[in-house]
Structure formats: structure tokens, C-alpha cells
Amino acid sequence: MIPAQVQQLDQLLKFTYTFSDMETIYMDANHKMVMAYGPMHIPEPLQYLFEAVRSNILLQTDKNEYHIHVNTTTQQLLYITVFLQLNDQEKGTMIVGPFLQTDPSMIQVQDILFQHQWPLSLLSLIQQYYLSLPLISNEKLNHIIEFIQYIFQHSSLSSKSHVTIESKNYITSNNSLSSPIENIEKKHIVEERYRNENNLIGAVQQGNLSLVEQLLIKDDQPKYPLPDRFPNDPLRSRKNLSFVRNTLLRKATENGGVHPIYIDSISEKFAIQIEKTTSIKQLELLQDNMCLEYCKLVQQLSLSAYSPLIRKALEYIRWHLTDEITLAIVAHEVGINKYELSRSFKKETGLTFPDYIHHIRLKEALQLMNNENLSITDISHMVGYNDVNYFIKVFKKHYEVTPHQYRQ
């Protein structure tokens, strides 16, 4: 290829990688990798098992009948191949993948390992590799192929070099990575799945972080079949279940005594992250992180231990931390006289009203200390101390060092 063709092909590979979000490479006629875009997913200990996969695809696929193929390998990995012909001679192949179209179960990964006589010691690593692969539905696969057709047919490479893409050929396999689990009573599976989920939700509501961590480890052991409500798009099914878990965790956190305003932001954050995931493994890691983060929110911000009156007072203090806060102001806001509020406040929090204000402001100040872009004066004003010297005095009384010494 002349330099202009190389540059154009390089650009087309970039476009394909960006659109598909999958590894995209170009191999020459001798099956040598010339260009590559995207992360190479294969862990180093497994590379020798899969190193010849792409070359085998090229050897076993009829290049004369079609120019675009969707291939399933003996390892049940899927690839899109695009054969390029320049001046009626094959010059190379663009390969996109690997990817899967069904959720890989442990049983099927075991079968693959057995069929290829791979070491049993690699089973866990192989399973993690398969879980990390993108799950592509039939609809999305069609979109990717149509995109490839379009960019090649409308490129200068096509017009100058007679690149033709005649059709697409799905080379499928009867062996699915997600076959039904037989001889297991569905009733027991569903009951156990619901029981585990209820225990997890309950632990989050209590703010019991150690129990949440134990349940997440336990939940990683058995892989229960999940309802596949989108048979042609298993990733969509898992995403929808993740949205449900996000909602359950949000309600558990609210029931755990956290104000909805704190919950709303992380609920929205996780909803966006769920939609952006491209593999089952990413979703599993994200779900674990969701449980841990919601639980920590309950630990830090729960007011469930307080009476409705004191809870209302504490919420007011949190939302007006930078304002002037006096016992009289808060008493007026919650509808009680300041003397009764003072007695109830000390009884339930263990601190006098002024001490609690200092406690919560200094706690926020400690968090801000990690931001070196903020000066001590900035932090003082942000937590409600307009006089920086007074802030330093209170800080030193509580922590026995000045804010500057604490930073050092």
C-alpha cells in the first residue's frame, strides 16, 4: 500500500474501534499484526492459549465468497473480519473482537477448558477473562457491520483500491455459552437468590459494612442463573437488573436514616455508570461498589438513631453549616423552645449544642484538608468560621495541632 492508503486505513481502524469499543487490528497477507487499537484483554498467563486464534480464523474462513464475516472460534469467541483487496489481490484483514453474545457461565467455561485440555489451575483466570469481554447483541452487531460497510464504501481507500464489501456471513455455533442449567430446581435457586439479596439490602440499611463485605464475598461463590428478559441481549438484561439493585439500595439507604438529597446524587451516578458498562465483569464490580458506597453513606450520614425532633435539628445544621447557627435559630426552625432543645440535644447526641456544631464543622474541615488547592482561610470560611484565627484556635483545641501542622 502507498502511504496515503496506509494513512486512510489507519483512520478507518480508529473509527471502527471508537464505534464498536472493541479491539480492532489489521493483519497483513502473512497474518502479521500491523496496526492495533483498543485494549488487548488477554492476561499474560493466557496469551499462549489464544495467540493463534486470529490466524486460525483467517485460515479457516473462505475469503472468496464474502468480504465480511462474523466468526465463532473453537474457544467460542466471536470476531468480525473484514477482508481487503487492493488491485484484485488480498492485502490484509481487519479483525474486530473478541466479543460474546451470551453470558458466559462457569459450566460452559469448564467445558471449553476440558475440550482444549487446558490446565485446571487456569480455570478462574479464564473465567475472569471471558467475563471481561464485551457482550454484543444481534442488533448492536448489525449496527457495527453496517457502520464498517459505510465507512469503507465512502472512503478514498474504497474508490482508489476497489475495496468491496459484498455481504455478511454469520458463522455460528450450536454450543452456547449460556445454556440452561439442568437438573436444578428453579424454585430453590430463586429462593436463595432472593434470600441473599435481602440479607445484603438489610446490611446496607443497618450500615453494617463488615457484613456487607462478607455477603459480597459469599455472593461471588455460586453463580445463580439470572432471568434473561432480553434473550438476544444478555448485557441489557443484566443492566436492567443492576438498575433494580440501585433502586433497592437507594431505598435501603433512605430507610437507614439518610436524607434523600445525599442519596440522589450517587443514585444518579450509578445509573450512568451502569449504562456505560460493556461487560458482565464490569457490572459485577460496579454492583459490589454500589453496595459498599451506599453502606458507607448510611454509616456517615444516618440519623435513624435520633428522635424526629433532633433529626430535624441535625438536618438543619448540615444544610446551614456555613451560616450563623445558634440554639435559638435551630429551636425556631424545629418549633420548640431553646431550653427543651438544649436538653434533648445533649441527651441524644452526648454533646452540648455548641460542641456539636464545632464537631461537625471540624469533621468537614478534615475532609477538605486533603485538597492542597484550598488554603486554611478558604477551609475556615467553607465550614462556617469567618474568623480564621478562631478556626485555628478551635482546631488546635480539638486535635492538639494547628491546621497547618495537621497538613504537614
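If you read the sequence from its start, that first residue is 1, and numbering goes on from there.
Taking the ring centre of Tyr294 as origin, the terminal cationic atom of Arg250 falls outside the region bounded by 6.0 Å and 45° from the ring axis.
Counting heavy atoms from C-beta outward, Val96 and Tyr79 have side chains that stay 4.5 Å or more apart. A heavy-atom distance below 4.5 Å is not found between the side chains of Leu77 and Phe99. Considering only heavy atoms from C-beta on, Tyr399 stays 4.5 Å or farther from Tyr406 through its side chain. Two residues are said to be in side-chain contact when any heavy atoms from C-beta on lie closer than 4.5 Å; Gln101 and Leu141 meet this criterion.
Side-chain N/O atoms of Arg195 and Asn199 include no donor and acceptor closer than 3.5 Å. When only modelled atom types and interatomic distance are considered, Ser242 and Asn240 share no side-chain donor-acceptor pair under 3.5 Å. A donor and an acceptor atom, one from each side chain of Gln75 and Thr73, are located under 3.5 Å apart. No hydrogens or angles considered: a donor-acceptor pair under 3.5 Å links the side chains of Asp10 and Tyr37. Judged purely by distance below 3.5 Å, without hydrogens or angles, the side chains of Thr377 and Ser375 never pair a donor atom with an acceptor atom. Between Gln11 and Gln8, the side chains place a donor N or O and an acceptor N or O closer than 3.5 Å (distance only, hydrogens not considered). With no hydrogens or angles considered, no side-chain donor-acceptor pair links Ser267 and Asp264 at under 3.5 Å.
Atom CG of residue Leu200 and atom CZ of residue Arg245 lie 5.5 Å apart, to the nearest 0.5 angstrom. In this structure, the separation between CE on Met35 and CD1 on Ile25 is 12.0 Å, given to the nearest 0.5 Å. Considering CG of Leu248 and CG of Asn255, their distance stands at 11.0 Å, rounded to 0.5 Å. The line from OG of Ser302 to CD of Gln205 is 9.0 Å long, rounded to the nearest 0.5 Å. Here the straight-line distance linking atom CD of Gln7 with atom CG of Leu9 works out to 11.0 Å at 0.5 Å rounding. With rounding to the nearest 0.5 angstrom, the CD atom of Glu146 is 10.0 Å from the CD1 atom of Ile68.
In this pair, His358 and Tyr385 present their aromatic rings parallel. The plane angle is below 30°, not in the 30 to 60° band. Taking the six-membered ring where tryptophan is involved, the planes of Tyr262 and His259 are perpendicular, since the angle between them exceeds 60° and thus also 30°.
Every residue two or more places apart in sequence or in another chain was checked for a side chain to side chain donor-acceptor pair (under 3.5 Å) with Asp111, and none qualifies. By the side-chain contact (heavy atoms from CB on, under 4.5 Å) test, Phe114 is found to be paired with no residue, residues two or more places apart in sequence or in another chain being considered. For Lys269, the side chain to side chain donor-acceptor pair (under 3.5 Å) partners at least two apart in sequence or on another chain are Glu293. Residues forming a side chain to side chain donor-acceptor pair (under 3.5 Å) with Thr278 (at least two apart in sequence, or on another chain): Gln282. With sequence neighbours left out, the side chain to side chain donor-acceptor pair (under 3.5 Å) criterion links Glu197 to no other residue.
Here the two rings, on Tyr48 and Trp118, have centers that are 6.0 Å apart or farther. Between Phe270 and Phe243, a ring centre-to-centre spacing not shorter than 6.0 Å is recorded.
Closest heavy-atom contact between Ser132 and Ser279: O-CB, 3.4 Å. When every heavy atom of Lys239 is checked against every heavy atom of Ile274, the shortest pair comes out as CE-O, 3.4 Å. Taking both residues in full, the closest heavy atoms of Leu122 and Leu113 are given as C-CD1, 4.5 Å, listed atom of the first, atom of the second, then distance.
Within 6.0 Å of CD in Glu400 there are 12 or fewer heavy atoms belonging to other residues, nucleotides or ligands.
Classification of Glu348 and Arg311 as a salt-bridged pair fails, no side-chain N sitting under 4.0 Å from a carboxylate O.
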Give the intermediate values and the outcome of ring-ring contact (aromatic ring centres under 6.0 Å, His included) for residues His69 and Phe83.
CA-CA 9 Å; His69 298 255; Phe83 297 105; 5.3 Å; yes
Can you give the donor-acceptor pairs under 3.5 Å from side chains of residues 328-337 to other protein atoms, not counting sequence neighbours?
| residue | atom | partner | partner atom | Å |
| --- | --- | --- | --- | --- |
| Asn337 | OD1 | Tyr339 | N | 3.0 |
| Asn337 | OD1 | Glu340 | N | 2.8 |

